[in-house]
Q: 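So that we are looking at the same thing, I have put the structure below in structure tokens.
Letters A, B, ... are given to chains in the order of the sequence lines, protein chains preceding strands, and every chain is numbered from 1.
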Amino acid sequence: MSGDYVKNVVKLGDKLGLIGRENAAVVFQATKPETMPEEKAKEIEEGLRLFYHGCTLLKQFTEDDSLKLREDVEKRVDNLWLLLALEDQEEISETSVKLYLNSNPRITREVLSPCVDEIRKGYEKLKSLGYDLKDLRLAINLVKTQAERDMKKFETEYKVSLDKEWLSNLKNLAT
Amino acid sequence: MVSKTFAKLYAKFLLRDVPGGKEIVERFFDVYWEAKKLREDLIKLTENEIERKYALAAKSRVMFPLALQTASIAMANGVSGKSLVEIVANQMFAYGEATIIDDFHDEVLLPYYFMKIEPRNSKEVYETITNPNKLKQIAKEIGKVKDLHPLELLNASLSQAEIYKRKMSKSFPYAYQTYLNARDELYKIQANSLFISYLLAKNDLER
């Protein structure tokens, strides 16, 4: 699989990721304590951007685009799994997505691990800066629980087996 | 309120492994419901009934996580009370704008492209989605689509944007500028995404 193709598909799935990332920056700018040194504030803002970009992008893949596959195939809109399957398939259908995922079991990890890496980097950055982390643990847990549940639904619905190493990495993150 | 009780119970179940999770849920839900009410009270001032209906319906899958994210960051910065509710409600307006315009693009603009104009590239799509006057013209031209009222749908998004601008531009000008830059970046992705949907539907995606 071409890395560039995957990267471009992920970029297209980035609508929600971007909303999460910039929402974090906007809220931080609007609420940061006035006494916080500017340099530290910038670093925290970047850490929050990274953390919430990973979280919301992961949601986009595991919740939105996974569970809406049938509807999206019918409407022919840019579902991410559908676009990935398009790399190898001539026809676009639920069957072509199933075939693609069954013959490329590692694809889920290749697509989702970068999201987990972002969450990790953001979390560690904020930890090193002494930013309050208990609510970030809550965010990780919410994303993990939803991702796990939705990917299970996807596996049952489409009879595919997905590589879930990324999920173990997420589980270990904030424990 | 039954839905609030169920939502709290469900959230506590989801967070059963998180130390202090129950307390966070309790604290967060109170803020969330108050902010939601503040947002709805402002939307209810909208005179057009259909427009008001569209604005109130914008509470899809990301509204709750976005409000949680907003509240978490503000609380970590020591914000509490009325200011906390205010900032969560503000970000709900921003998300309301994004989610309603997303519906407009998918349900109105895309069908318009099939019926009237064939976009040649994503740049053309971008030029359209960043021009509210052009979108209004399209909404008027296309009339009703599958029980949708395009103009009211568009206006619902524009009015959410207007409320957000009013609430943010004076108090938090720098944060508001960050939002505007992000919205432009979002429209670039959206233009690509709409163009690909158009090609997919026409069975003409270049690979």
Q: For A:K121, is there an ion pair with A:D117 - N to carboxylate O distance below 4.0 angstrom?
A: no
Q: With a 4.5 Å cut-off on heavy-atom pairs, point out which of B:I189, B:T178, B:I73, B:L68 contacts chain A the most.
A: B:I73
Q: Is chain B contacted by the side chain of A:L82, its backbone, both, or neither, given a heavy-atom distance below 4.5 Å?
A: side chain
Q: Checking ring-ring contact (aromatic ring centres under 6.0 Å, His included) against B:Y179, which of B:Y174, B:F93, B:Y164, B:F172 comes through?
A: B:Y164
Q: Checking B:A94 against chain A: side chain, backbone, both or neither under 4.5 Å from a heavy atom?
A: neither
Q: Determine, for A:K153 against A:E157, whether the closest basic-nitrogen to carboxylate-oxygen distance falls under 4.0 angstrom.
A: no
Q: For the interface with chain B, which of A:V77, A:L133, A:L136 has the highest count of heavy-atom pairs at distances below 4.5 Å?
A: A:V77
Q: Cut-off 3.5 Å, side chains only: do A:T62 and A:D150 have a donor facing an acceptor?
A: no
Q: If you measure from the Lys or Arg side-chain nitrogens to the Asp or Glu carboxylate oxygens, is any gap between B:E118 and B:K202 under 4.0 Å?
A: yes
Q: Who among B:D106, B:V79, B:L186 has the most heavy-atom pairs with chain A under 4.5 Å?
A: B:L186
Q: Against chain B, label A:L12 side chain, backbone, both or neither, depending on which of its atoms sit under 4.5 Å from a heavy atom there.
A: both
Q: With distance as the sole criterion, is a donor-acceptor pair present between the side chains of A:K15 and A:Q60 under 3.5 Å?
A: no
Q: Pick one of side chain, backbone, both or neither for A:Y52, based on which atoms fall under 4.5 Å of a heavy atom in chain B.
A: side chain
